Amino acid sequence: MTCGTCGATIADKAIICYRCGAPTSTPVAKHPQAARRRTSWAGIAAAGVAAAGLAAFGASQPFESPEQIGGLAGAAAALLGGGLLWWRGRR
(Lines give C-alpha, C1' and ligand atoms only; values in the text may rest on other atoms or scores of the structure.)
Protein backbone atom coordinates (compact mmCIF):
# COMPACT_ATOMS: atom_id res chain seq x y z
CA MET A 1 0.00 0.00 0.00
CA THR A 2 1.18 3.54 -0.68
CA CYS A 3 0.73 6.52 1.69
CA GLY A 4 -1.57 9.09 0.14
CA THR A 5 0.35 11.95 1.76
CA CYS A 6 4.04 11.23 1.28
CA GLY A 7 4.06 8.30 -1.19
CA ALA A 8 5.95 5.91 1.09
CA THR A 9 5.31 2.17 0.76
CA ILE A 10 3.62 0.94 3.95
CA ALA A 11 2.07 -2.32 5.16
CA ASP A 12 -1.49 -3.11 4.09
CA LYS A 13 -2.74 -3.22 7.71
CA ALA A 14 -0.95 -0.04 8.82
CA ILE A 15 -3.05 2.46 10.71
CA ILE A 16 -0.68 5.37 10.15
CA CYS A 17 2.25 6.03 7.85
CA TYR A 18 5.58 5.29 9.56
CA ARG A 19 7.23 8.10 7.66
CA CYS A 20 4.86 11.09 7.93
CA GLY A 21 2.32 9.92 10.55
CA ALA A 22 -0.70 10.48 8.32
CA PRO A 23 -3.67 8.16 8.92
CA THR A 24 -4.19 5.52 6.25
CA SER A 25 -7.99 5.78 6.37
CA THR A 26 -10.60 8.13 7.70
CA PRO A 27 -11.56 7.36 11.31
CA VAL A 28 -15.03 5.95 11.92
CA ALA A 29 -17.20 8.42 13.79
CA LYS A 30 -18.66 7.10 17.03
CA HIS A 31 -22.32 7.57 17.79
CA PRO A 32 -22.88 10.44 20.19
CA GLN A 33 -24.25 9.33 23.51
CA ALA A 34 -27.93 9.84 23.87
CA ALA A 35 -28.85 12.80 26.00
CA ARG A 36 -30.17 11.79 29.38
CA ARG A 37 -33.89 12.20 29.54
CA ARG A 38 -35.41 14.25 32.28
CA THR A 39 -37.95 12.66 34.58
CA SER A 40 -41.48 13.79 33.89
CA TRP A 41 -42.82 14.49 37.34
CA ALA A 42 -46.13 15.54 35.80
CA GLY A 43 -46.67 12.01 34.46
CA ILE A 44 -45.80 10.44 37.79
CA ALA A 45 -48.13 12.83 39.60
CA ALA A 46 -50.95 12.13 37.10
CA ALA A 47 -50.60 8.36 37.63
CA GLY A 48 -50.67 8.87 41.41
CA VAL A 49 -53.74 11.10 41.25
CA ALA A 50 -55.53 8.61 38.99
CA ALA A 51 -54.71 5.71 41.33
CA ALA A 52 -55.85 7.71 44.36
CA GLY A 53 -59.07 8.68 42.57
CA LEU A 54 -59.75 5.08 41.61
CA ALA A 55 -59.15 3.95 45.18
CA ALA A 56 -61.39 6.69 46.59
CA PHE A 57 -64.17 5.88 44.15
CA GLY A 58 -63.93 2.19 44.94
CA ALA A 59 -63.93 2.83 48.69
CA SER A 60 -67.07 4.97 48.44
CA GLN A 61 -69.04 2.18 46.75
CA PRO A 62 -70.69 -0.56 48.82
CA PHE A 63 -68.84 -3.83 48.49
CA GLU A 64 -71.20 -6.59 47.45
CA SER A 65 -68.77 -9.35 46.60
CA PRO A 66 -65.12 -10.36 46.95
CA GLU A 67 -64.84 -10.21 43.15
CA GLN A 68 -65.61 -6.48 43.25
CA ILE A 69 -62.86 -5.88 45.81
CA GLY A 70 -60.42 -7.98 43.78
CA GLY A 71 -61.29 -6.14 40.59
CA LEU A 72 -60.73 -2.78 42.25
CA ALA A 73 -57.39 -3.90 43.70
CA GLY A 74 -56.34 -5.32 40.33
CA ALA A 75 -57.24 -2.10 38.53
CA ALA A 76 -55.27 -0.02 41.04
CA ALA A 77 -52.26 -2.36 40.78
CA ALA A 78 -52.38 -2.28 36.98
CA LEU A 79 -52.51 1.52 36.97
CA LEU A 80 -49.62 1.84 39.39
CA GLY A 81 -47.60 -0.84 37.61
CA GLY A 82 -48.17 0.77 34.23
CA GLY A 83 -47.11 4.13 35.60
CA LEU A 84 -43.96 2.61 37.06
CA LEU A 85 -43.04 0.86 33.80
CA TRP A 86 -43.65 4.07 31.87
CA TRP A 87 -41.45 6.01 34.31
CA ARG A 88 -38.62 3.46 34.12
CA GLY A 89 -38.78 3.50 30.32
CA ARG A 90 -38.32 7.28 30.30
CA ARG A 91 -35.04 7.12 32.26
Side-chain angles (χ1 to χ4, degrees):
M1 182 162 103
T2 303
C3 176
T5 304
C6 69
T9 302
I10 55 176
D12 289 338
K13 293 184 179 181
I15 297 172
I16 60 170
C17 175
Y18 71 90
R19 184 191 230 174
C20 67
T24 58
S25 65
T26 56
V28 178
K30 294 182 180 179
H31 295 284
Q33 290 183 354
R36 185 175 174 153
R37 295 180 185 173
R38 294 178 54 198
T39 302
S40 173
W41 293 107
I44 296 170
V49 168
L54 182 62
F57 175 74
S60 68
Q61 302 299 313
F63 295 114
E64 298 177 1
S65 67
E67 291 83 15
Q68 185 181 12
I69 297 170
L72 177 62
L79 184 60
L80 287 173
L84 179 63
L85 289 175
W86 172 80
W87 177 66
R88 288 191 62 179
R90 304 251 323 150
R91 292 182 73 185

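A quick note: this is a predicted structure, and the numbers were derived from the prediction, not measured. In this chain, numbering begins with 1 at the start of the sequence shown.
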* To do: Ignoring hydrogens and angles, tell me if any N or O in the side chain of Thr24 forms a donor-acceptor pair with the backbone of Ile15 under 3.5 Å.
  => yes
* Specify the closest pair of heavy atoms between Cys6 and Arg19, including all atoms of both residues, with the distance to one decimal. => SG-CD, 3.6 Å
* To do: Compare every heavy atom of Thr5 with every heavy atom of Cys20, then report the nearest pair and how far apart it is.
  => SG-CB, 4.0 Å
* Structure fact -> Minimal heavy-atom distance between Ile16 and Pro23, with the atoms involved, is CG2-CA, 4.1 Å
* Structure fact -> Heavy-atom nearest pair, Ile10 first then Cys17, reads CG2-SG, 4.1 Å
